[in-house]
Amino acid sequence: MIQQYLRVKADYQDAFLFFRLGDFYEMFFEDAVKASQELEITLTSRDGGSKDRIPMCGVPYHAAPNYIEQLINKGYKVAICEQVEDPKHTKGVVKREVVQLITPGTVMEGKGLSDKQNNFLTTLSDFGDETFGLAFADLSTGEIHTTIISGPEQQLLNEVYSIGAKEVVVDENFPSHITQMLKERMVVTFSYEQSTEIPPEFSRIADKLEQEKLLISVGRLLNYLIRTQKRSLEHLQPAKFYELDRTMKIDLFSKRNLELTETIRSKGKKGSLLWLLDQTVTAMGGRLLKQWVDRPLVNKQEIEARLELVEVLLKEYFTRQEIRELLKEVYDLERLAGRVAFGNVNARDLVQLRKSLSQIPALKGEIKKLPILTDSVLENMDECTELTGLLQDSLIEQPALSVKEGNMMKDGFHGELDKYRDARRNGKTWIAELEKRERELTGIRSLKIGYNRIFGYYIEITKANLATLPEGRYERKQTLANAERYVTEELKEKETLILEAEEKIVALEYELFLKLREEVKVYIPRLQKLAKAVSEIDVLQCFATISEERHYTKPIFNDERRVHIKDGRHPVVEKVMDSNEYVPNDCWMDKENEMLLITGPNMSGKSTYMRQVALTAILAQIGCFVPATEASLPIFDQIFTRIGAADDLISGQSTFMVEMLEARNAIVYATQNSLILFDEIGRGTSTYDGMALAQALIEYIHDKIGAKTLFSTHYHELTTLDQALDKLKNIHVSVVEQNGKVVFLHKMKEGPADKSYGIHVAELAELPKELITRAQVILEQLEAEPDSRPTPDTEKHMVNESADPLTQLSFFEVNEERHGSEKMSKVETQAIEKLRKMDLLDTTPLDALNKLYEIQKLLKIKK
Ligand code: ADP
Ligand code: MG
């Protein structure tokens with residue numbers, strides 16, 4: 001058996017092999033050691049013939065799904081190896097085979113598969129020249145999407161992140177630096193598949209694909225699924241080609257920063273935009289909502305089509321409520337179709353399907369009532385009337401959970417089944433009559449007829465009544481402590497009849513059920529289409545519901561690249577706080593005002609304001625109303641957000657390199673139709689290069705890109721940039737002092753913030769008066785000479801009177817020697833002063849470099 005194990009295991013090196021032994025799945029060797037740790041189960045060992053015992057651990061087969069799920073959630077794969085022969089009929093070792101390889105990207109059931117989230121298995125193919133093929137499938141719903149990505153690897157990473165792939169399949173030559181990058185950014189399991197040929201029986205899936213590269217991507221995906229799942233995959237839908245340009249691009253950093261589908265802090269849905277929006281009623285709708293949030297549209301017509309439906313659904317309150325009620329009874333048709341194909345639905349699932357389908361006519365009736373043309377929506381809502389009829393005729397209301405115990409089919413559905421059921425019923429009636437008759441004849445009122453699996457039917461007489469039982473009336477069968485059990489010839493005969501009928505019923509019902517399931521299979525494509533239409537209506541009603549509840553406004557789109565938001569709010573912050581407290585703000589940007597430079601103290605609401613603009617644009621482009629009283633927007637092709645490293649400590653990525661990488665992403669790809677949010681960029685490094693970079697970034701975007709940009713900064717110095725950059729406007733968050741306390745009004749105003757504000761706050765906080773005065777002195781000094789560092793108080797005299805006669809003299813002398821009569825400038829004097837004062841023994845190389853940089857910068861300015 002161990003030899004057999006080793007043979008099988010050789011083919012599944014990267015998976016835990018669950019090796020079926022009777023009622024257990026056993027694991028051996030390294031698998032056992034690792035599994036015992038991961039699953040916290042006992043590690044034992046068994047004699048393997050040699051001197052070392054073989055490590056082993058096991059889980060009961062009925063508890064296996066739970067353990068498998070734990071391993072899959074940790075990113076492992078599990079190969080299920082079953083006995084494929086009946087041990088009763090074999091000599092020697094029973095034949096065993098792997099029947100399924102379960103992997104993170106191919107989970108079909110359990111908690112690993114959340115209702116409102118797709119689980120996409122993704123494949124990547126490298127075609128060279130920065131061209132990649134990508135395909136992904138949700139095995140549980142059968143949908144397959146594919147595209148080609150050309151250009152920098154970053155785009156590929158963005159897309160894989162968007163998809164939220166848990167497992168990525170590549171060939172062995174796929175560039176390892178890309179797999180490495182993916183592993184660093186997300187939790188993902190890698191798998192390998194070399195075959196890319198589309199198997200003939202799956203040609204329908206690739207029918208519509210025209211490019212060879214797409215066929216290769218989808219081919220790899222199919223081959224991997226076939227190799228791992230080893231069963232019917234009839235529910236897989238024709239692969240759909242999608243173009244990246246048909247949706248707004250939001251790179252992975254921006255998605256995280258904007259907390260579209262999960263929060264930065266907890267990585268959970270709660271607190272994200274998706275969480276706020278989710279008023280979907282069905283699981284399918286929930287999944288589609290996530291897809292829509294992940295991919296806002298860029299086509300005005302498509303967006304407006306959604307908005308129009310949302311508008312009527314919002315206005316028609318009662319119809320919408322009806323629709324919501326009806327949707328509540330609609331089961332997850334998409335995943336159900338998948339499980340029908342997979343062969344793991346039971347009769348209860350099919351009853352749910354029947355229930356779901358019977359809602360459709362009413363649902364269509366409600367949609368028809370909407371005062372808008374809904375033909376295209378209705379067209380796709382196929383009631384599958386024949387299927388409903390079939391399920392109606394065949395299945396009872398509450399069938400058994402198991403498909404192998406009968407009790408599923410309706411009377412009248414199948415003649416032979418009815419016959420057996422009659423026989424069983426008659427037998428049982430006969431027994432009930434026998435009981436009544438024997439009670440009368442014997443006069444023993446407690447006489448009863450019972451049944452158990454081992455002894456079958458029996459007549460039971462309590463010990464107390466034995467004396468009155470005529471001798472030899474029944475045949476003794478079993479003696480209990482306080483009763484005797486008997487049988488009669490006739491009872492035995494009836495018992496055989498009943499049991500035979502019972503056995504036949506169970507077998508026949510199972511057979512009929514399988515047949516029914518096959519018949520349902522034929523409807524899979526129609527069910528999938530219906531599922532799509534239902535989920536769309538669900539998401540649209542969700543938009544209407546949330547828009548009404550939170551008083552959102554229908555956005556309009558302009559072609560003048562103008563942003564006009566009146567009384568805008570941050571949708572999530574507003575919801576989380578008492579909505580009355582949230583202070584709405586306008587946002588106005590057009591061709592003359594492309595950039596807003598936002599200043600204001602900490603915690604005044606700069607970041608919130610910037611994000612609310614981005615979220616408003618995203619909501620508009622997914623077809624939802626927006627949190628404002630008026631909104632006219634351009635259609636953005638891309639959104640970039642970058643939060644300065646100091647604000648981003650939580651995500652554990654607070655390196656300046658990451659900050660710059662992300663900034664680069666925006667600078668390289670943004671167009672004049674993009675929206676850029678730079679929030680306190682430059683924080684992650686020293687003041688001087690931070691400020692220098694911030695200014696350079698602003699200038700670059702202003703001159704070379706022209707994207708709509710919101711730039712918040714703590715470098716007050718940058719507020720003078722509006723003099724040189726004509727499309728840049730200063731705005732700030734206003735703050736007032738009330739009864740000696742600082743009050744953040746969270747209100748945006750034109751112009752730069754009051755710069756001495758920080759010291760003012762310190763004063764209000766009652767720091768020592770002396771300290772405050774000193775701070776004011778330093779501030780004045782800094783303002784007078786922005787590039788000089790104020791000197792410690794004790795040296796104040798020396799600094800201020802740098803006209804120490806001696807020093808001054810020698811400077812002039814040196815100067816004269818070198819440059820003749822040219823007098824040394826103030827800047828140069830400063831530079832030399834800086835050099836002179838450096839305490840080299842107390843300077844690290846990095847400090848020295850920073851100092852040098854400052855000095856050089858001083859001198860460059862002069863030039
Ligand atoms: P900053 O970026 O200026 O430091 P934030 O945008 O992080 O400030 O806002 C700080 C806090 O102020 C937020 O967590 C929120 O609770 C509150 N806040 C921000 N904007 C508003 C607003 N418009 N109305 C009410 N409260 C707000
Ligand atoms: Mg902030």
Side-chain angles (χ1 to χ4, degrees), residues 253-254 256-259 263-266 270-273 275-276 550-552 565-588 596-616 619 626-631 640-651 653-654 659 662-663 676-684 690-691 694 697 709-716 718-719 730-736 738 741-755 757-758 760-762 765:
F253 310 116
S254 308
R256 274 190 192 156
N257 288 336
L258 290 172
E259 308 194 308
T263 60
I264 297 171
R265 238 172 254 261
S266 70
K270 186 150 194 261
S272 68
L273 183 69
W275 164 78
L276 167 94
R550 310 219 59 87
H551 309 288
Y552 292 175
I565 300 171
K566 192 160 175 271
D567 289 333
R569 287 112 59 197
H570 186 299
V572 180
V573 176
E574 175 195 43
K575 179 179 166 126
V576 172
M577 61 201 290
D578 195 345
S579 55
N580 298 331
E581 288 172 25
Y582 194 87
V583 181
N585 272 302
D586 300 345
C587 178
W588 174 272
L596 297 179
L597 188 69
I598 310 167
T599 41
N602 246 341
M603 289 303 283
S604 60
K606 300 183 296 298
S607 304
T608 310
Y609 177 71
M610 298 171 78
R611 285 162 192 236
Q612 94 186 18
V613 174
L615 293 176
T616 301
L619 282 171
V626 299
T629 53
E630 254 176 61
F640 300 92
T641 66
R642 181 52 214 143
I643 315 294
D647 267 9
D648 202 17
L649 282 171
I650 328 138
S651 72
Q653 289 193 327
S654 60
E659 187 177 328
E662 300 177 20
I676 300 179
L677 311 184
F678 275 171
D679 192 352
E680 312 243 3
I681 205 120
R683 261 203 189 181
M691 204 194 306
L697 279 168
T709 306
L710 297 164
F711 201 111
S712 77
T713 185
H714 56 287
Y715 298 125
H716 196 267
L718 297 180
T719 53
N730 279 309
I731 61 171
H732 71 280
V733 203
S734 57
V735 175
V736 293
Q738 263 173 16
K741 269 195 175 158
V742 194
V743 179
F744 291 155
L745 296 179
H746 304 302
K747 196 79 192 167
M748 292 292 157
K749 296 258 169 70
E750 303 225 339
D754 176 3
K755 53 197 158 183
Y757 184 77
H760 191 52
V761 175

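Since this is a predicted model, take the numbers as computed values, not measurements. Start at 1 and go down the list; that is how both ligands and their atoms are numbered. What's counted below: heavy atoms across the whole structure, side chains too, no hydrogens, waters or symmetry copies.
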Would one find an N or O of [X], backbone or side chain, under 3.5 Å from an N or O of ligand 1?
{"X": "S607", "answer": "yes"}
{"X": "V573", "answer": "no"}
{"X": "M577", "answer": "no"}
{"X": "G605", "answer": "yes"}

Does the side chain of E574 come within less than 4.5 Å of Q612's, by heavy atoms?
->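 SC-SC contact between Q612 and E574 ruled out.
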Would you indicate whether the side-chain heavy atoms of L745 and V583 approach each other to under 4.5 Å?
->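 No, side chains not in contact.
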Hey, does P601 sit under 4.0 Å from ligand 1 if you only count heavy atoms?
->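 Contact present.
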Heavy-atom gap G600 to ligand 1 smaller than 4.0 Å |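 Not so, G600 does not reach ligand 1.
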Please assess L619 against L273 for the test side-chain contact (heavy atoms from CB on, under 4.5 Å), listing each intermediate value before the final yes or no.
-> CA-CA 9 Å; L619 282 171; L273 183 69; 4.2 Å; yes
State whether W275 and K575 meet the cation-pi test: NZ (Lys) or CZ (Arg) under 6.0 Å from the six-membered ring centroid, and within 45° of the perpendicular axis.
->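 Yes - K575 lies over the ring of W275, closer than 6.0 Å to its centre and within 45° of its axis.
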Go through the steps to decide whether N730 and T719 satisfy the test side-chain hydrogen bond (donor to acceptor under 3.5 Å, both in side chains), and finish with yes or no.
-> CA-CA 7 Å; N730 279 309; T719 53; 5.1 Å; no
Between R265 and E259, does at least one N-O distance fall below 4.0 Å, as a salt bridge requires?
->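 No, this pair does not count.
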Partners of T608 by side chain to side chain contact (heavy atoms under 4.5 Å, CB included), sequence neighbours excluded?
->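 Listed in chain order: H570, V573, Y582.
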Atoms in ligand 1 with a heavy atom of E581 nearer than 4.0 Å |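 Listed by number with element: 25 (C).
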Taking both backbone and side chain into account, is any N, O or S atom of S607 nearer than 2.8 Å to the Mg ion (ligand 2)?
->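 Checking the Mg ion (ligand 2) against S607, an N, O or S atom does fall under 2.8 Å.
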Between T608, V583, V733, which one has a non-hydrogen atom sitting closest to atom 5 (P) of ligand 1?
->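 Selected option, by shortest heavy-atom distance: T608.
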